[in-house]
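In what follows, a single structure is set out as structure tokens and then discussed.
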Amino acid sequence: MEQLLKDWDGETVVVRYDRPTGAWIFIAIHSTRLGPATGGTRMMRYPSPEVAISDALKLAAGMTYKFAVPEFPRGGGKAVVAIPDDFDPQTRTDLLRRYGKLIQQLGGLFYTGPDVGTSSSDMDIIAQTGAPYIHSRTPSAGGAGSSGPATAMGVFTGIQVVCERLFGDPSLEGRRVLVQGVGGVGESLIEHLRTAGAEVLFSEVDEQLVRRFRDELGFQFVPAETVYSTECDIFSPCALGGVLSGDTISQLKCRAVAGGANTQLAGPEDAERLRTRGILYAPDYVINVGGAMAITGIEALGWSRGEAVRQVVHSILGGLRQVFKLAEKEGITTEAAARRVAEEHLSKGS
Ligand code: PHE
């Protein structure tokens, strides 16, 4: 644990052990250089508190780069609520209220929104004690609603830029795209892809979602066992992070990877592995900024919905094209190029 924190290049970590539930809360503040640290609240079970904190640290850094590429005036942070194996769902509301209180005590150091395991309705509860630092509440509670559709729209824009790069044409017509995970982001993404004429495949572990998207909506289902080895033009991870590793990259039969999940690379060497295999990688944080940007823009900067859509599309078009160009010019991975763009913008911040 000590080494983990020493090796991290962020600013602050807030730790709370929630005694009534046995949950651990870690709020990682990676950078406040461009603005107040902002990032989702991830709520799930982890094998250990160490794994949970390490996830928070990595995800918070991702938020810093995510906002830095389009020079959006927010810093990077992330919260992880690691619930115990025997968590009683009945205690969830009280846990969220205590968590909200903690955010309020931080007095604006950290702003949050939904992430894996939390929803806009959870944000409504957290905001009861945590306002005004809680984004993405439901519209009936006065918020801008779920961030998933805006994230998906941004990822879709990123996929168009990938097609432009691969085929000289941004059109998705007839392209085969495999989406891993049809949760908050994946479900809107596959609709965009279908509307654009793509051949859409999806993979999902939740049986209920599989039934809905395969049986009711007619999308092609790919079981988890073959998700990495299924032939497609674009593989789009939209579930959890760490899916691109030595093992999975060697199985891939795609031309490009472009998805909405955070921290897709298992380790730093995996960007090079993708490049060596000739697979074009759209760095996760460059194309998944849409939700955080649109929601924060609407709620904190007074953007209209139309303005938010324009900003997201414009930022991702510009950001990803710049990253691809720089990677080619310098002979580096797209991940390294994205990092360079982000660092450059961060060094201009005060
Ligand atoms: N889950 C979002 C992300 O990873 C976090 C977020 C959503 C932040 C909405 C602010 C507002 O980008």
Side-chain angles (χ1 to χ4, degrees), residues 27-32 34-44 55-70 72-81 100 103 108-124 126-127 130-139 141-155 157-158 181 183-189 237-242 259-264 283-301 303 305 308 311-312 315-316 319 338 342:
I27 303 178
I29 310 293
H30 181 260
S31 166
T32 54
L34 298 183
T38 303
T41 297
R42 181 164 292 202
M43 189 164 174
M44 55 185 258
D55 204 25
L57 300 181
K58 245 171 80 171
L59 288 161
M63 292 306 298
T64 299
Y65 306 131
K66 186 181 296 198
F67 290 129
V69 171
F72 190 76
R74 288 294 180 129
K78 201 87 173 192
V80 162
V81 181
I103 294 179
L109 180 64
F110 178 65
Y111 285 70
T112 200
D115 199 83
V116 175
T118 59
S119 62
S120 286
S121 322
D122 292 325
M123 295 305 122
D124 291 352
I126 300 170
Y133 310 115
I134 315 302
H135 288 303
S136 220
R137 285 170 301 148
T138 61
S146 160
S147 59
T151 305
M153 196 196 52
V155 172
T157 304
V185 175
E187 64 169 354
S188 317
L189 179 61
C238 290
L240 290 178
N262 284 307
T263 60
Q264 291 167 29
D284 45 23
Y285 58 80
V286 178
I287 66 168
N288 71 13
V289 66
M293 185 183 220
I295 298 291
T296 315
I298 292 168
E299 294 181 349
L301 306 179
W303 291 354
R305 289 220 167 245
Q311 291 278 359
V312 168
S315 301
I316 294 175

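Computed over heavy atoms, backbone and side chain alike; hydrogens, waters and symmetry mates excluded. Start at 1 and go down the list; that is how both ligands and their atoms are numbered. Treat the numbers as computed from the prediction; the structure is a model and nothing was measured.
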Using heavy atoms and a threshold below 4.0 Å, how should the contact between Val289 and ligand 1 be classified: side chain, backbone, both, or neither?
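Neither part.
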Logged contact type for Lys78 with ligand 1, heavy-atom cut-off 4.0 Å, is side chain
For Glu187, what residues pass the salt bridge (Lys or Arg N to Asp or Glu O under 4.0 Å) criterion, not counting sequence neighbours?
Arg212
What do you reckon, does Asn262 have a nitrogen or oxygen under 3.5 Å from a nitrogen or oxygen of ligand 1?
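Such a contact does occur with ligand 1.
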Would one find an N or O of Asp115, backbone or side chain, under 3.5 Å from an N or O of ligand 1?
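Between Asp115 and ligand 1 (N or O atoms, distance only) the closest approach is under 3.5 Å.
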Which of the numbered atoms in ligand 1 are below 4.0 angstrom from a heavy atom of Gly40?
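Those atoms are 5 (C).
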Could you tell me if the side chain of Ser136 sits less than 4.5 Å from the side chain of Ser120, heavy atoms only?
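In short, these two side chains touch, coming nearer than 4.5 Å.
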Between Arg42 and Asn262, is there a side-chain heavy-atom distance shorter than 4.5 Å?
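Asn262 reaches Arg42 side chain to side chain.
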When you measure from atom 8 (C) of ligand 1 to every protein heavy atom, which one gives the shortest distance, and what is it?
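Sorting protein heavy atoms by distance from atom 8 (C) of ligand 1 puts Ala292 CB, 3.7 Å first.
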Considering only protein heavy atoms, which is closest to atom 12 (O) of ligand 1, and at what distance to one decimal place?
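For this ligand atom, the closest protein heavy atom is Lys66 NZ, 2.7 Å.
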From the candidates Gly291, Gly113, Pro114, the one that places a heavy atom nearest atom 2 (C) of ligand 1:
Pro114
Does the side-chain contact (heavy atoms from CB on, under 4.5 Å) test come out yes or no for Val289 and Val69, once each step is laid out?
CA-CA 9 Å; Val289 66; Val69 171; over 6 Å; no
Output side-chain donor-acceptor pairs under 3.5 Å for residues 145-155, partner residues at least two apart or in another chain, one line each.
{"residue": "Ser146", "atom": "OG", "partner": "Gly148", "partner atom": "N", "Å": "3.1"}
{"residue": "Thr151", "atom": "OG1", "partner": "Ser147", "partner atom": "O", "Å": "3.0"}
{"residue": "Thr151", "atom": "OG1", "partner": "Gly291", "partner atom": "N", "Å": "3.2"}

Once you measure the plane-to-plane angle for His135 and Tyr111, does it fall in the parallel (<30°), tilted (30-60°) or perpendicular (>60°) bin?
parallel
